[in-house]
Amino acid sequence: MDFDVQNHARTRALRSDGHVRSGPFVVRYDRNWPSPFANYAIPDDGAAPTSSEISALISTFRTLDRVPRLEYLPTCAPQVELALLAAGFTAENRAAVMACSAETLITPRAATDVLITEPTDDAGLLATAVVQHAGYGQPGEPTTGETAWLRDTIAGGGVVALASAGDGTAVGAGVCSSPVDGLSELAGLAVAESSRRRGIGAMLSAYLTAAVLDRGCRTVWLEPGDLGIERLYARIGYRTVGEKLNISLR
């Protein structure tokens with residue numbers, strides 16, 4: 001499963017318009033979205049980079065005006081972390097990788113007075129991006145890159161979902177990425193601060209997971225932000241299958 005997840009992430013990076021190759025790394029780059037979550041490198045399976053290749057990778061990020069950063073599963077390239085640490089990189093966090101299939105998915109109790117839709121128009125996608133942007137603590141308004149990511153997800157066969165209260169206020173949002181070899185990533189899940197602890201996150205996650213499984217995916221994977229979120233996903237049928245390292249040079 002580790003290699004399947006890593007291949008899924010790498011393939012999506014290779015399909016992105018702004019990706020570049022630097023030695024044994026693929027760099028995912030979004031010129032319209034400066035967030036570190038949208039700009040990072042993934043090593044090739046089994047990569048054993050030299051110090052000069054790490055230096056070249058750092059230079060690539062500097063040229064792109066982005067923080068040198070990687071997101072990957074260490075089991076797929078065990079020698080990369082030591083090379084990065086020697087170059088001054090610092091681990092941001094090690095997150096569990098969790099996965100769910102149709103056989104393990106559990107439908108939670110629906111939050112009352114909440115409707116989930118799949119927006120495709122500009123207004124709906126902007127409302128989705130606004131919830132996600134605020135939910136991840138980003139300042140200001142969403143960038144064009146954030147709404148473009150949502151459109152590309154839909155165009156590639158993924159799912160974008162928006163949760164709204166009875167008065168039409170957007171209270172939650174999330175995405176299941178475009179499938180690759182039967183895998184999709186649940187990402188960008190956010191719930192408005194005023195609407196948390198009502199089960200909306202679990203409701204959205206289960207909806208997105210079921211939707212992309214119904215459309216032909218065999219497995220949905222994700223990276224929970226912390227232990228509390230990990231427990232939320234476990235309650236709807238996600239199981240830990242590996243570990244992902246986020247590491248950067250500040």
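Nothing here was measured: the structure is a model prediction, and the numbers come from that model.
- Remark: side-chain polar atoms of Tyr136 are paired, donor with acceptor, to backbone N or O of Leu189 under 3.5 angstrom.
- Ion pairing of Arg151 with Asp122 is present here, as a side-chain N (NZ or NE/NH1/NH2) and a carboxylate O approach within less than 4.0 Å.
- Note on Tyr72 and Phe37: separate hydrophobic clusters, where clusters join Ile, Leu, Val, Met, Phe, Trp and Tyr whose side-chain heavy atoms are under 4.5 Å apart, directly or indirectly.
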message: Please determine whether side-chain contact (heavy atoms from CB on, under 4.5 Å) holds for the pair Val114 and Arg198, giving the CA-CA distance in whole Å, both sets of side-chain angles, and the decisive distance to 0.1 Å.
response: CA-CA 10 Å; Val114 173; Arg198 295 182 52 205; 3.9 Å; yes
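- Leu105 CG to Thr209 OG1: the interatomic distance, rounded to the nearest 0.5 Å, is 6.0 Å.
- The two residues Ala13 and Ile42 have their closest heavy-atom pair at CB-CD1, 4.3 Å.
- At least one donor-acceptor pair under 3.5 Å links the side chain of Thr50 to the backbone N or O of Glu53.
- In terms of heavy atoms, Glu185 sits closest to His8 at N-CE1, 3.7 Å.
- For Asp167, the CG atom sits in a packed shell: over 12 heavy atoms of surrounding residues, nucleotides or ligands are nearer than 6.0 Å.
- Counted within 6.0 Å of CD on Glu243, heavy atoms from surrounding residues, nucleotides or ligands total more than 12; the atom is thus considered enclosed.
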message: Using the rule given for side-chain contact (heavy atoms from CB on, under 4.5 Å), can you reason through Tyr233 versus Leu186, listing the C-alpha separation, both sets of side-chain angles and the distance that settles it, and then say yes or no?
response: CA-CA 11 Å; Tyr233 290 123; Leu186 197 162; 4.1 Å; yes
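- In this structure, Asp181 places its CG atom where only 12 or fewer heavy-atom neighbours from other residues, nucleotides or ligands lie under 6.0 Å away.
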message: Glu230 vs Thr240, test: side-chain contact (heavy atoms from CB on, under 4.5 Å). Steps then yes/no.
response: CA-CA 9 Å; Glu230 188 175 339; Thr240 300; 3.5 Å; yes
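- Put simply, the side chain of Arg66 never gets that close to the backbone of Tyr40: no donor and acceptor are under 3.5 Å apart.
- Here the shortest heavy-atom pairing between Ser195 and Ile200 reads O-CD1, 3.5 Å.
- Using a 4.0 Å cut-off between charged nitrogen and carboxylate oxygen, Glu71 and Arg28 do not count as a salt-bridge pair.
- A salt bridge links Asp45 to Arg10: at least one charged side-chain nitrogen sits closer than 4.0 Å to a carboxylate oxygen.
- A salt bridge links Asp44 with Arg21: the distance from a Lys NZ or Arg NE/NH1/NH2 to an Asp or Glu carboxylate oxygen falls below 4.0 Å.
- Cluster annotation: Val20 and Val26 are assigned to distinct hydrophobic clusters (Ile/Leu/Val/Met/Phe/Trp/Tyr, side-chain heavy-atom contacts under 4.5 Å, transitive).
- The hydrophobic cluster containing Val160 does not contain Val220, counting ILVMFWY residues as joined when their side-chain heavy atoms lie under 4.5 angstrom apart, directly or transitively.
- Put simply, the side chain of Ser248 never gets that close to the backbone of Arg250: no donor and acceptor are under 3.5 Å apart.
- Expressed to the nearest 0.5 Å, how far CG of Leu245 lies from CG of Leu70 amounts to 8.0 Å.
- Side-chain N or O atoms of Thr219 include none that pairs as donor or acceptor with a backbone N or O of Leu183 at under 3.5 Å.
- A distance of 13.0 Å separates CE in Met1 from CZ in Arg239, rounded to the nearest 0.5 Å.
- Rounded to the nearest 0.5 Å, atoms OG (Ser16) and CZ (Arg31) are 9.5 Å apart.
- Counting non-hydrogen atoms of other residues, nucleotides and ligands closer than 6.0 Å to CG of Asp121 gives a total above 12.
- Residues Pro108 and Ile106 form no side-chain contact, since every pair of their non-hydrogen atoms from C-beta on lies 4.5 Å or further apart.
- Looking at every heavy atom in both residues, Ala170 comes nearest to Ala192 through O-CB, 4.5 Å.
- Between the side chain of Glu223 and the backbone N or O of Ala95 there is no donor-acceptor pair closer than 3.5 Å.
- Cluster annotation: Val241 is not connected to Phe3 through the hydrophobic network of ILVMFWY side chains, with a link wherever side-chain heavy atoms come within less than 4.5 Å.
- The main-chain N or O of Asp30 is found under 3.5 Å from a side-chain atom of Asn39 such that the two form a donor-acceptor pair.
- Leu126 and Val159 end up in different hydrophobic clusters when Ile, Leu, Val, Met, Phe, Trp and Tyr side chains are linked at under 4.5 Å.
- Listed for the Thr128 side chain is no donor-acceptor partner under 3.5 Å among the backbone atoms of Leu162.
- For the pair Thr147 (side chain) and Leu125 (backbone), a donor-acceptor distance under 3.5 Å is absent.
- Ser184 OG to Trp221 CH2: the interatomic distance, rounded to the nearest 0.5 Å, is 9.5 Å.
- Counting only heavy atoms from C-beta outward, the side chains of Glu146 and Gln132 never approach each other to under 4.5 Å.
- Counting heavy atoms from C-beta on, the side chains of Glu92 and Arg69 come closer than 4.5 Å.
- Put simply, OG1 on Thr63 and OH on Tyr29 are 10.5 Å apart, with the number rounded to the nearest 0.5 Å.
- Arg215 and Glu118 are joined by a salt bridge, as a carboxylate oxygen and a charged side-chain nitrogen come within less than 4.0 angstrom of each other.
- Residues Val97 and Asp2 are not in side-chain contact: their nearest non-hydrogen atoms beyond the backbone lie 4.5 Å or more apart.
- Taking all atoms of both residues into account, the shortest heavy-atom contact from Pro49 to Val80 is CD-CG2, 3.8 Å.
- Between the side chain of Thr143 and the main chain of Asn32, a donor-acceptor pair closer than 3.5 Å is present.
- Across all their heavy atoms, Val191 and Arg196 have their closest contact at O-NE, 2.9 Å.
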